[in-house]
Amino acid sequence: IDLGNYIAPMFVESGSVTDAQHAFDRLLHRTEHSWTSLILGYIDCGQAQAALSLHQKMQEDGVNPSCFTLTALLKACTRLKDIDNGRQIHEEVKKHGFEGDVFLCSALLDMYAKCGAILEAEEVFERLPVRNVVCWTALIAGYIENGFAEQALKCFNRMQTEGITPDAVTLLCSLKACSSMRALDLGRQIHTDIVQKKHERDVIVGNTLIDMYIKCGSIEEAHEVFDKLPVQD
RNA sequence: UACACUCAAAGAUAAGU
């Protein structure tokens with residue numbers, strides 16, 4: 001076992017990315033895995049810029065990034081809305097032939113979407129060999145974030161015709177789209193789905209449902225949801 | 001030695017002001 005891989009997550013859990021950095025600096029064998037752990041540690045501590053700067057240091061150290069590394073770096077770009085760095089990492093993804101990795105591509109598509117480049121996000125999506133629920137949800141969330149609620153709902157339908165079952169995150173995103181589209185009927189259907197899947201008692205889900213019913217003009221249903229909430233703050 | 005399994009990476013995080 002290479003303990004170096006676990007040092008960063010351990011220190012990050014105890015709240016100190018600085019300690020993680022010190023431990024990392026003393027490692028004799030810095031592998032691509034330990035670099036990736038440190039990058040993720042910085043991101044978890046809200047220091048995405050520092051995480052990104054490790055990219056170059058890693059190259060200087062002569063360590064090649066894996067798809068895990070590039071996924072982490074893309075996440076840092078997303079946090080910083082740094083599309084220029086994101087594009088560079090995209091080039092690196094192509095160079096290493098990682099374009100078939102579904103984790104990496106969902107991070108890539110999310111990066112483009114969150115940076116406002118919805119066309120590029122769509123392109124990444126269309127080129128994906130396999131699309132799981134995370135890819136679909138990232139695209140749906142991207143449409144919503146960029147003000148295309150109608151596209152989001154179309155995408156929600158399309159994913160289901162293609163046999164992918166929405167999960168709690170997908171349902172929550174789609175509810176937001178229903179709110180802005182005033183799509184009460186679809187909102188009700190999603191509500192039914194949420195109840196069946198037993199996500200009803202989740203406070204965030206409950207709040208999003210209430211918001212949807214209010215924006216769609218149904219105070220009565222909003223109140224019903226409210227009455228069933230386990231916590232009413 | 002081979003095979004299998006497990007082990008690091010991706011999506012929502014609400015409303016209002």
Side-chain angles (χ1 to χ4, degrees), chain A residues 1-10 12-13 20 24 30-44 51 54 65-79 86 89-90 93 96 98-114 121 124-125 128 130-145 149 152 155-156 159 164-180 187 190 194 197 199-216 219 222 225-226 229 231-233:
Chain A
I1 305 173
D2 193 341
L3 286 176
N5 303 335
Y6 303 100
I7 284 178
M10 189 182 80
V12 168
E13 248 170 66
F24 179 83
R30 284 180 279 195
T31 63
E32 145 284 315
H33 190 155
S34 46
W35 277 102
T36 305
S37 301
L38 188 64
I39 291 168
L40 284 167
Y42 275 108
I43 295 171
D44 284 347
L54 289 177
S66 66
C67 45
F68 290 88
T69 321
L70 298 181
T71 305
L73 290 169
L74 282 168
K75 188 174 177 174
C77 295
T78 306
R79 293 279 161 91
I89 293 163
H90 191 174
V93 168
H96 287 89
F98 289 147
E99 290 158 293
D101 186 291
V102 70
F103 276 63
L104 181 44
C105 289
S106 31
L108 192 56
L109 124 62
D110 186 47
M111 183 278 295
Y112 281 126
K114 294 267 167 46
V124 172
F125 181 84
L128 270 173
V130 180
R131 295 173 195 142
N132 63 18
V133 66
V134 174
C135 306
W136 282 98
T137 306
L139 186 60
I140 290 171
Y143 282 131
I144 296 168
E145 174 120 348
C155 194
F156 178 66
M159 104 180 238
I164 305 292
T165 308
D167 68 9
V169 176
T170 322
L171 293 173
L172 201 61
C173 291
S174 305
L175 269 184
K176 282 203 228 171
C178 291
S179 302
S180 40
I190 293 174
I194 285 171
K197 288 175 179 159
H199 300 308
E200 203 187 9
R201 291 175 59 84
D202 182 300
V203 176
I204 295 176
V205 171
N207 250 325
T208 311
L209 274 171
I210 291 171
D211 183 56
M212 183 276 293
Y213 280 126
I214 290 175
K215 295 230 170 85
C216 293
I219 290 287
V225 176
F226 180 82
L229 277 182
V231 181
Q232 298 166 343
D233 62 6

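Proteins come first, then strands; the chains are lettered A, B, ... in the order of their sequence lines, and each starts at number 1. Because the structure is predicted, anything quoted here is derived from the model rather than measured.
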Among B:rA10, B:rG11, B:rA12, the one nearest A:K176 by side-chain distance: B:rA12
Nearest to side-chain heavy atoms of A:D101, which nucleotide of B:rA12, B:rA9, B:rA10: B:rA9
Under 3.5 Å donor-acceptor pair, A:D211 side-chain atoms to B:rA15 base atoms: no
Nearest to side-chain heavy atoms of A:T71, which nucleotide of B:rA10, B:rA14, B:rG11: B:rA10
Short side-chain N/O contact from A:K215 to OP1 or OP2 of B:rA14, under 4.0 Å: no
Aromatic ring proximity A:W136/A:F156, centre distance under 6.0 Å: no
Nearest-nucleotide pick for A:D167, side chain only, options being B:rG11, B:rA10, B:rU13: B:rG11
Proximal nucleotide (of B:rG11, B:rA9, B:rA12) relative to the A:L172 side chain: B:rA12
Sugar-phosphate only, base, or nothing, as touched by A:T69 at under 4.0 Å among non-hydrogen atoms: nothing
Donor-acceptor contact present, side-chain A:D110 to main-chain A:A113, <3.5 Å: no
Closest listed nucleotide, where the reference is the side chain of A:L40 and the choices are B:rG11, B:rA12, B:rA9: B:rA9
Check: A:T208 side chain, B:rA14 base, donor-acceptor under 3.5 Å: no
Closest listed nucleotide, where the reference is the side chain of A:V134 and the choices are B:rA9, B:rU13, B:rA10: B:rA10
Candidates B:rA9, B:rA12, B:rA8 - which lies nearest the side chain of A:F103: B:rA9
Proximity to the side chain of A:A107 - top-ranked nucleotide from B:rA10, B:rA8, B:rA12: B:rA10
Expected output: side-chain A:S37 to main-chain A:H33 donor-acceptor under 3.5 Å: yes
